[in-house]
There are 2 protein chains.
Amino acid sequence: MITISKENYLKSIYTLAKGNGNFVSLTELSKELNVTKSAVTEMSKKLYEQGCVKYVRYKGIKILPKGKKIALKVIRKHRLWELFLVETLNLSWDKVHLEAEKLEHFTSDFLIDTIDEYLKYPKLDPHGEPIPCKDGSYRYKINDIPMSECILGKTYKVTRVNDREEELVRYLSKIDIQLNREIKIIEKLKFDNSVIIEVNGVKHSLSSKLVDNIFLTKANG
Amino acid sequence: MITISKENYLKSIYTLAKGNGNFVSLTELSKELNVTKSAVTEMSKKLYEQGCVKYVRYKGIKILPKGKKIALKVIRKHRLWELFLVETLNLSWDKVHLEAEKLEHFTSDFLIDTIDEYLKYPKLDPHGEPIPCKDGSYRYKINDIPMSECILGKTYKVTRVNDREEELVRYLSKIDIQLNREIKIIEKLKFDNSVIIEVNGVKHSLSSKLVDNIFLTKANG
DNA sequence: TAATTAAGTTAAGTATGCTTAACTTGTTGC
DNA sequence: GCAACAAGTTAAGCATACTTAACTTAATTA
Ligand SMILES: [Mn+2]
Ligand SMILES: [Mn+2]
Ligand SMILES: [Mn+2]
Ligand SMILES: [Mn+2]
């Protein structure tokens with residue numbers, strides 16, 4: 001039986017491994033899911049018994065095709081809901097993640113396919129994350145880097161932001177950062193890993209936390 | 001703590017009492033919720049402890065203001081979701097109940113109020129059921145009778161149908177029964193409580209089960 | 001290499017919401 | 001009035017998904 005809890009574990013395992021089939025540490029997982037390590041150990045055994053993951057004691061956990069399929073389905077539902085809420089109800093991009101986090105577990109395949117069709121099979125969610133297709137493949141390949149890895153003086157285009165923290169996303173709107181916005185890297189401060197950028201002619205200092213959660217590609221190229 | 005299970009119990013208690021504050025029998029509740037009587041007894045105690053219901057041993061359970069408020073909120077979410085899915089995604093009226101049955105528990109007040117606004121504060125759901133307002137009041141008062149109580153030879157207008165059974169609702173579409181459709185009562189058969197009606201010039205025999213789940217008011221009156 | 005620390009596991013226990021089996025209480029028909 | 005039956009309760013147990021506390025294993029570092 002796949003429960004809501006299991007769906008969330010699989011989603012996290014898949015996401016933490018960044019789509020590769022890498023091993024994920026249980027401590028990492030426990031932090032991501034806000035549960036204790038012992039809870040993760042228990043669940044790891046169950047997911048292993050169901051053939052969703054490979055679980056090696058004291059080593060970690062690794063998603064298997066069966067688990068990946070489930071994870072992608074949930075991620076698909078999540079991202080389509082986010083976009084649907086933005087498109088139909090005009091919700092702002094900082095409000096939709098939390099709603100989708102719940103709705104993703106209670107949406108039939110039929111309903112999500114209807115939403116997919118309604119949105120004309122979109123490639124990206126409101127935060128620039130690619131939306132998995134019905135068959136589990138992606139229509140779009142991400143190819144960007146976090147702002148922390150950007151080169152001084154160059155201009156980039158915003159392709160993706162981490163939607164997990166509402167406040168962070170809301171702050172981005174406030175300083176006029178949105179998808180496809182051009183950003184120039186003015187200064188990189190080593191002592192606190194903050195970055196000074198220019199957006200629409202206005203300079204802003206972004207904390208290390210922000211800098212790790214904004215993803216860019218080179219502009220005009 | 002109000003759980004999903006408790007929301008469903010409260011919704012059923014409220015619905016079975018038909019909006020009045022009547023006592024509901026636990027056996028009735030157990031049938032409605034598809035659980036055993038002992039499960040209902042246990043939950044009754046918990047709901048009582050939380051002040052959501054009055055519970056008198058061996059007598060039954062009765063909703064209290066605190067429980068009614070919760071029930072109405074869930075019903076509001078349910079009916080608004082049903083209408084929203086019909087309006088935006090063009091889902092058919094037989095498909096939306098099951099989806100709403102899940103979504104109703106995972107929708108924030110903010111989201112449902114946004115949906116309410118988007119739909120311009122509708123009075124009725126796709127099956128003719130009134131939608132509770134944000135404050136728990138109704139914008140519309142139901143005043144109809146089941147087809148089983150209709151008078152021979154008279155013509156009525158369909159105001160409401162029971163949406164619980166997908167197949168039943170789908171059958172209604174098939175014989176061209178929808179909200180506001182005019183129906184003439186041709187014959188009432190006592191031996192099996194079936195009714196013969198005329199819809200758009202075509203006669204149909206409706207089983208007792210159907211007849212109990214279609215609600216009407218007098219036409220042109 | 002041995003000590004320390006981090007990562008991971010195990011055991012025991014909790015809360016929720018069910019079940020079945022055995023029981024008690026209430027109601028109805030004769 | 002009482003037998004029979006329906007309605008309701010209690011007790012014991014199960015599955016899920018957590019917790020804390022005590023433990024083991026692995027990795028790091030001096
Ligand atoms: Mn999201
Ligand atoms: Mn997103
Ligand atoms: Mn419904
Ligand atoms: Mn309805």
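Basis for what follows: all heavy atoms, side chains included, without hydrogens, waters or symmetry-related copies. Residue numbers begin at 1 in each chain, while the letters A, B, ... track the order of the sequences. It should be emphasised that the depicted structure is a prediction, and the values quoted were computed from it without experimental measurement.
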Participant: Return the value, rounded to whole Å, for the distance between atom CG of B:Leu33 and atom P of C:dT19.
Facilitator: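 Spelled out: CG on B:Leu33 to P on C:dT19 is 10 Å.
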
Participant: Sorted by first residue and then second, give each side-chain hydrogen bond (donor to acceptor under 3.5 Å, both in side chains) pair with at least one member in residues 39-67 of chain B; sequence neighbours left out.
Facilitator: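 Residue pairs with at least one partner in residues 39-67 of chain B: there are none.
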
Participant: With sugar-phosphate meaning primed atoms plus P, OP1 and OP2, does B:Met43 contact a base, only sugar-phosphate, or nothing at under 4.0 Å between heavy atoms?
Facilitator: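 Touches sugar-phosphate only.
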
Participant: Please report the interatomic distance CD1(B:Ile145) to OG1(B:Thr217), rounded to the nearest 0.5 Å.
Facilitator: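 It is 8.5 Å, given to the nearest 0.5 Å.
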
Participant: Please tell me if B:Thr36 has a side-chain N or O lying less than 4.0 Å from either OP1 or OP2 of C:dT20.
Facilitator: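 For C:dT20, neither OP1 nor OP2 has a side-chain N or O of B:Thr36 closer than 4.0 Å.
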
Participant: Between C1' on D:dA17 and CG on A:Leu29, what's the gap in Å once rounded to a whole number?
Facilitator: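 Distance check: A:Leu29 CG to D:dA17 C1' gives 15 Å.
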
Participant: Quick one: list whatever passes salt bridge (charged side-chain N to carboxylate O under 4.0 Å, His left out) with A:Lys73, sequence neighbours left out.
Facilitator: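 If we apply the salt bridge (charged side-chain N to carboxylate O under 4.0 Å, His left out) test to A:Lys73, skipping adjacent residues, the hits are A:Asp109.
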
Participant: What string of B, S and - do you get for nucleotides 6-11 of chain D, 5' to 3', if B is base contact, S is sugar-phosphate-only contact and - is no contact with any protein heavy atom under 4.0 Å?
Facilitator: -BBBB-

Participant: Can you check the A:His105 NE2 to D:dT16 C1' distance for me, whole Å?
Facilitator: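 Spelled out: NE2 on A:His105 to C1' on D:dT16 is 16 Å.
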
Participant: Side chains of A:Asn8 and A:His105: do they bring a donor and an acceptor to under 3.5 Å?
Facilitator: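 There is such a pair between these side chains.
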
Participant: Once you round it to whole Å, what is the distance between P of C:dA15 and CD1 of B:Ile2?
Facilitator: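 Whole-Å distance recorded here is 17 Å.
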
Participant: Is there a donor in the side chain of B:Ser38 and an acceptor in the side chain of B:Thr36, or the other way round, less than 3.5 Å apart?
Facilitator: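 Note: B:Ser38 and B:Thr36 side chains meet the donor-acceptor criterion.
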
Participant: Calculate the interatomic distance between A:Leu47 atom CG and D:dA17 atom C1'; express it in whole Å.
Facilitator: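 My rounded result for the distance is 12 Å.
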
Participant: Would you say B:Tyr9 places a side-chain N or O within less than 4.0 Å of OP1 or OP2 belonging to C:dT16?
Facilitator: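 Result: no.
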
Participant: Distance check: side-chain N/O of B:Thr3 vs OP1/OP2 of C:dT16, anything under 4.0 Å?
Facilitator: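 For B:Thr3, the contact criterion (side-chain N or O under 4.0 Å from OP1 or OP2 of C:dT16) is not met.
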
Participant: Salt bridge (charged side-chain N to carboxylate O under 4.0 Å, His left out) between A:Glu129 and A:Arg160: does it pass, once the steps are laid out?
Facilitator: CA-CA 6 Å; A:Glu129 300 279 2; A:Arg160 191 161 54 97; 3.6 Å; yes

Participant: Could you check how far CD1 of B:Ile4 sits from C1' of D:dT16, rounded to whole Å?
Facilitator: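 After rounding, the reported distance stands at 13 Å.
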
Participant: Does any donor atom in the side chain of B:Ser25 or B:Thr27 lie under 3.5 Å from an acceptor atom in the other side chain?
Facilitator: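 On atom types as modelled, these side chains do not qualify, holding no pair under 3.5 Å.
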
Participant: Rounded to whole angstroms, how far apart are CG on A:Leu10 and C1' on D:dA17?
Facilitator: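 Distance, rounded to whole Å: 15 Å.
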
